[in-house]
Amino acid sequence: MSKMRKMSAMLLAGSMIAGLAVPQMVYAAEDTPLVVAEDDFSEKFSPFFAQSVPDQRVAEFTGLYLLGNDRAGEIIMNGIEGEDKEYNGTTYHYDGLSDVTVEEAEDGSVSYDFKLREDVKFADGETLDADDVIFSMYTLVDPSYDGPSSLYALPIEGLEEYRSGSEILYALMLKNGAENTDFSFYTEEQQKQFFETDLPAAGEAWAQSIVDYCVANGYVEDDSVKSSMEAWGFEAESDDATAADFFNAIMAAYDNDYETASSTESAESSLFDFLDDSYKTTVETGSSADYVSGIEKVNDFEVKVSLTETDAAAIYQLGILVAPMHYYGNESLYDYDAHKFGFEKGDLSLARAKTNTPMGAGAYKFVKYENKIAYLEANENYFMGEPKIKNLQLKATSEADKTPGVLQGAADIADPSMSKATLEQIAGENSNGEISGDKLTTVLTDYNGYGYIGINSKNVSVGGDGSSEASKNLRKAIATVIAVYRDVTIDSYYGDAADVINYPISNTSWAAPKKSDADYKVAFSVDAEGNDIYTADMSEDDKYAAALQAALGFFEAAGYTVEDGKVTAAPEGAKMSYEVMIPGGGTGDHPSIGILTAASNALASIGFELKINDLADTSKLWDALDAETAEIWCAAWQATIDPDMFQVYHSEGGDANKYAIYSDELDQMIMDAKTNTDQTYRKAKYKECLDYIVDYAVEIPVYQRQQGVIFSTERVNVDTIAPDQTTYYNWMAEIEKLEMN
């Protein structure tokens, strides 16, 4: 996870002609530009290489996905004729680019057959067909591809043979090092140029991009490199530190491990984005196949993709943005039968050259980007109908200017960070005192992620065995007291902009348990004997007292000595004090600080210490998690559209060390859900996983915050905004229907 994503997880104008001598110009509503306030752009508007949210929005407005999804995040399997699906008691119709048929074989392999509709055209009038899909997929699985898509990680039949025997030039140079003496794959002059000139220059530009990111997102109060270095967790040796100094400090911290440094410290661009494209081609180091047997052209409007094993989340990764081969590639280099796919294998320079000027089959066409504004115009060829609003402008806007910008006419739509103060400000602008009224209309949706308090099962255990019942009881004692203070504190911090959650999963997921479910339980609400701690008629103070009493029972079950309502001694291999790390900037600016403060005071009253470490330097938390030394901490997860738990909770997942569960039983449940495409089965299996994780007491679910979009009620026809929006289906999903007043 890059530091940019980590930091994000913690933090959580129309012109008018004036003058008496000139007649007032009157615009028809459809000619008035729609101005959308966005965060800063990285100018990577490509369907292949866009990474930041603003860049991705440009790519999505100008492109078209192979597959679409409904408001619940479920795939539309029959896009050609469309599907009617119910949400919140209302039936909605969904159309898409393709129909997809999934076939599972007895040996575990699975195939996806995509039949394309034949009436879709790109913005230049060319028909979208199977060759464009195949070209797009081959671009994303090319050995030299280094963008955000992970299509190449799927077990597509023949993909490993296709990608083997070659390495990206810069990666090979880094692996061999500056002292390499084997020049079989590149020259000594190339090596010298790379290490002495081009790599340091790229590093300086990369470090400057981190500075720019810190400034744009308000992490620093000035634009000095020194301030950004400190905000990013590095010490500056002087007040006039340069971007080169910043880069050198990063590399020193990572012992010149460029790839790890880039993947960890990047903001919105990796170190290697700043290298010349000549370093991004591949070098043949061995033999490889010249095609992927699992990507098959059935006919001009049908493509079949075969996987060697079932992966339930694969269908989401296969739903790529389809790019026009004639624009991003070279038609003379395409011959499917001859295993030629629109570009030379290992060389994506043709696609890279169009990174700043996207083109596709989306609702809008790209016009230009200047002065931090992306200008788009309606695509008359859009298969859902030409958008009602002819001109669309995506305008880089600071967070502080988003709400004022909509009020003052500099923008028509914005997505300010939703807090209690922001909602109060919005309501105050409307004459009705509500968040939707005569000035502003607000649409709130659950953010695709959630805040939590984590516990490392190895570091908070009895005798070093995090899986023992004694260890679980120790963690439950702490978690029970923390959990009881969530409701009041989160309401105080967020107001209506967040809800307390009881399972370690985002409420946006179709797999999230619902309060109406028969087996739904409030997190850590039963005592050591399995009895409910709380009753419906309890006051808040009664609940706090009941939680402490239950905690004493858990401590005793964990082997602690409990006398006269106090914990007096710890069993061997456990402690009377544990530390919780919270990234509150040293000032307590964090939604969970109130929870921890109350819990710490309550635990102290029974003789147990929960020591709060409010970090001014956030990087210390991530360093502690990576080093597996953290005991308890506060953070937030960013979720994906599919609730695959492998990355976080499986023993072989990338973040498994944070909790140190390492359970064969949990691993099997996760894999059972991951390798089955039946959603009903998967939901039941994931519920078992969630119950297991809560029982293991390694994660206290805290809050599901909301994200919001505000519209100018005065300038946007709010009756044409997509209804029942969700994190998976927002106002952009029906952009062609939106109108100006």
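We're numbering straight along the sequence, starting at 1.
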Assess the side chains of [X] and [Y]: does a donor N or O sit below 3.5 Å from an acceptor N or O?
{"X": "T90", "Y": "N88", "value": "no"}
{"X": "Q707", "Y": "T727", "value": "yes"}
{"X": "R705", "Y": "Y450", "value": "no"}
{"X": "W633", "Y": "Y452", "value": "yes"}
{"X": "K44", "Y": "S269", "value": "yes"}
{"X": "N448", "Y": "T508", "value": "yes"}
{"X": "E83", "Y": "N78", "value": "yes"}
{"X": "S419", "Y": "Y494", "value": "no"}

Quiz item: Is the centre of the Y364 ring less than 6.0 Å from the centre of the Y382 ring?
Solution: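 Judged by ring-centre distance (under 6.0 Å), Y364 and Y382 do not meet the cut-off.
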Practice problem: Take the angle between the ring planes of F61 and W731 and call it parallel below 30°, perpendicular above 60°, tilted in between. | Solution: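 Taking W731 first and then F61, their aromatic rings sit tilted (interplane angle of 30° to 60°).
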Under the rule for salt bridge (charged side-chain N to carboxylate O under 4.0 Å, His left out), what residues qualify as partners of [X], not counting sequence neighbours?
{"X": "R682", "result": "D642"}
{"X": "D222", "result": "none"}
{"X": "E386", "result": "K390"}
{"X": "E434", "result": "none"}

Quiz item: Quick one: CG on D70 to CG on D724, what's the gap to the nearest 0.5 Å?
Solution: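 Between D70 CG and D724 CG, I get 11.5 Å after rounding to 0.5 Å.
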Practice problem: Enter the distance from L394:CG to L376:CG here, rounded to the nearest 0.5 Å. | Solution: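 That separation rounds to 5.0 Å.
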Practice problem: Apply side-chain hydrogen bond (donor to acceptor under 3.5 Å, both in side chains) to E221 and list each qualifying residue two or more places apart in sequence or on a separate chain. | Solution: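 Expected list: none.
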Can you list everything that forms a side-chain contact (heavy atoms from CB on, under 4.5 Å) with [X]? Sequence neighbours excluded, please.
{"X": "T720", "result": "N717, L738, E739"}
{"X": "E43", "result": "F45, N356, Y369"}
{"X": "Q647", "result": "D655"}
{"X": "D541", "result": "S539, Y544"}

Practice problem: Start with the C-alpha distance between Y87 and Y92, add both sets of side-chain angles, then the distance that settles ring-ring contact (aromatic ring centres under 6.0 Å, His included), and finish with yes or no. | Solution: CA-CA 7 Å; Y87 184 82; Y92 295 102; 7.3 Å; no
Quiz item: salt bridge (Lys or Arg N to Asp or Glu O under 4.0 Å): which pairs involve residues 502-525, sequence neighbours left out?
Solution: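 Residue pairs passing salt bridge (Lys or Arg N to Asp or Glu O under 4.0 Å), neighbours aside: D519-K687, K521-D532.
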Practice problem: Kindly check if the number of other-residue, nucleotide or ligand heavy atoms within 6.0 Å of CG (D496) is above 12? | Solution: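 Result for CG/D496: open.
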Quiz item: Is atom NZ of K737 surrounded by more than 12 heavy atoms (other residues, nucleotides or ligands) closer than 6.0 Å?
Solution: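 Counting other residues, nucleotides and ligands, NZ of K737 stays at 12 neighbours or fewer.
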Quiz prompt | ring-ring contact (aromatic ring centres under 6.0 Å, His included) assessment of Y219 paired with Y213 | solution = CA-CA 8 Å; Y219 297 141; Y213 178 82; 5.8 Å; yes
Self-check item: Lys/Arg-Asp/Glu bridge criterion (N-O < 4.0 Å) met for K85, E74
Solution: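 Salt bridge: yes.
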Self-check item: For G319 against Y65, the heavy-atom pair lying closest together
Solution: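 Shortest heavy-atom contact: O-CD2, 3.1 Å.
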Self-check item: Smallest separation among heavy atoms of T32 and I389, with atom names
Solution: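 In terms of heavy atoms, the two residues are closest at O-CG2, 3.9 Å.
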Practice problem: Sequence neighbours left out, what pairs pass side-chain hydrogen bond (donor to acceptor under 3.5 Å, both in side chains) with at least one residue falling in residues 482-492? | Solution: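 Found R486-N502.
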Quiz item: With sequence neighbours left out, which residue pairs that include part of residues 435-444 fulfil the side-chain hydrogen bond (donor to acceptor under 3.5 Å, both in side chains) condition?
Solution: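 Output for this query lists S431-D438, K439-E714, T441-T713.
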